[in-house]
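Throughout, a chain's letter reflects where its sequence line sits, starting with A, and its residues are numbered from 1.
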Protein chains: 2
Amino acid sequence: MRRDSRLSRMLHVLIHMDRHYKRATSDTIAQMLGTNAVVVRRTMAGLRKQGYVHSEQGHGGGWELARALTDISLFDVYQAIGAPPLFAIGPSVEQPECLVEQAVDARLNDALQEAETLLLERFRSVTVADIAQDFDACFAEHTHHA
Amino acid sequence: MRRDSRLSRMLHVLIHMDRHYKRATSDTIAQMLGTNAVVVRRTMAGLRKQGYVHSEQGHGGGWELARALTDISLFDVYQAIGAPPLFAIGPSVEQPECLVEQAVDARLNDALQEAETLLLERFRSVTVADIAQDFDACFAEHTHHA
DNA sequence: AATACACGTAACCCGTCTTGTTACAGAAAG
DNA sequence: CTTTCTGTAACAAGACGGGTTACGTGTATT
């Protein structure tokens, strides 16, 4: 396990759910993602809390979209999974006493902050529907050549 | 231990070495960084291989700068420690078969790539000497008010 | 020569975090 | 009342940075 793949996975599943004519069970979704049902429930819990998806218990239950993909941005999904840390590098301690270390961390945090702002800005400006469109275009291309 | 702090630590120590009139031992450096001598040697090994610092064994030995801080950028140091992964998030698999997943990962990688480019650009444009100057300014300010 | 000092490196453990897995309780449909 | 679901808790696995011990090697001092 290297990098947190929850964002990627949730985007992936949201698009599949949009294409799925009926409720999808955690098991069905797990097979799509190549993982397991418990992981799906665990990760989707955040999306449910934010009202992006809805789950029904019992026989015939499962998951379904509660909002249009046009109303869900990558940022929304990122927030819904708990806004995990974006960067794998950073300063060593929170409040260093050493002034040299403070100067180092200030510069480092500046650069990281800039990158984070840009990244989250991109996340905000892209909806899951945009990605679904990318897929549609790619799929059309794919079948056209086949 | 959350985020990789090697870059921060190496920048920190390079500035201290520039201020240090003589060779610094791994133990001395370890105390500055709040860590231990073996970790220092391990991490500094990368800087030595790139020729940014030089180490001398035996009695009276230790570490010294092999280049001016003006000639070492944050990017150089980042590379020297092995260019560890910058991001803590990312796609789930390398080459997904699912076209939906491919579309998701493409968008995600686009955004990550943009952020990485920006970050490394900042790293390239800042020298360790720049940070040392920040410290000097801050230190002057500090003693002035005291 | 002997000793003390300091780097070089391998080996191992620990803490943290994501992910996978098992187990079990609750709810809804047949 | 059994089957099919979700909802959680609990725990193991794997990865990775960092801390620690141990031991080898080179160098100056005595």
Separation of D:dC5 C1' from A:I29 CD1 (nearest whole Å) = 12 Å
Between CD1 of A:I89 and P of D:dG17 the distance, given in whole Å, is 12 Å
Using only side-chain N and O atoms of A:S5, determine if any of them is under 4.0 Å from OP1 or OP2 of C:dT18.
-> no
Pick base, sugar-phosphate or nothing for A:R23, based on heavy-atom distances below 4.0 Å to the nucleic acid.
-> nothing
Please state how far atom CH2 in A:W63 lies from atom P in D:dC5, giving the value in whole angstrom units.
-> 14 Å
Could you check which of C:dG8, C:dT21, D:dT6 has an atom nearest any side-chain atom of A:T25?
-> D:dT6
Any A:R6 side-chain N or O less than 4.0 Å from OP1/OP2 of C:dT19 = yes
5'-most by nearest nucleotide on DNA chain C - A:T43 or B:G61 | B:G61
Starting at CD1 of B:I131, measure out to CG of B:L11 and round the result to the nearest 0.5 Å.
-> 5.0 Å
Quick one: which of D:dG18, C:dC5, C:dG20 gets closest to the side chain of B:V39?
-> D:dG18
First encountered from the 5' end of DNA chain D, between B:D4 and A:A24 = A:A24
Side chain of A:T35 - closest among D:dA9, D:dA28, C:dG20 = C:dG20
Give the rounded distance in Å between these two atoms: NZ of B:K22 and C1' of D:dA28.
-> 15 Å
With no hydrogens and no angle check, do the side chains of A:D105 and B:S8 hold a donor and an acceptor under 3.5 Å apart?
-> yes
Heavy atoms under 4.0 Å, any strand shown: does B:N36 hit a base, just sugar-phosphate, or nothing?
-> base
When rounded to whole Å, the CG to C1' distance for the pair B:L33 and D:dG17 reads 15 Å
Between A:W63 and A:T25, a side-chain donor and acceptor under 3.5 Å | no
Nearest-Å distance, CG (A:L47) to P (D:dG7)?
-> 12 Å
When rounded to whole Å, the NZ to C1' distance for the pair B:K49 and C:dG8 reads 10 Å
Does a nitrogen or oxygen in the side chain of B:S26 sit under 4.0 Å from OP1 or OP2 of C:dC7?
-> yes
Closest listed nucleotide, where the reference is the side chain of A:R41 and the choices are D:dT3, C:dC17, D:dT8 | D:dT8
Rounded to the nearest 0.5 Å, how far does SG of A:C138 lie from CG of B:L99?
-> 5.0 Å
Side-chain contact, heavy-atom cut-off 4.5 Å: A:S92 with B:R3?
-> no
Which residue, A:R23, A:K22, A:R48, forms the salt bridge (charged side-chain N to carboxylate O under 4.0 Å, His left out) with A:E56?
-> A:R23
Nearest-angstrom distance from the residue atom NE2 of B:H59 to C1' of D:dT27 = 9 Å
Sugar-phosphate, base or nothing in reach of B:R42, heavy atoms under 4.0 Å | base
Please state whether the phosphate of D:dT8, meaning OP1 or OP2, lies under 4.0 angstrom from any side-chain nitrogen or oxygen of A:R48.
-> yes
5' priority, DNA chain D, between A:V38 and A:G58 [closest heavy atom] | A:G58
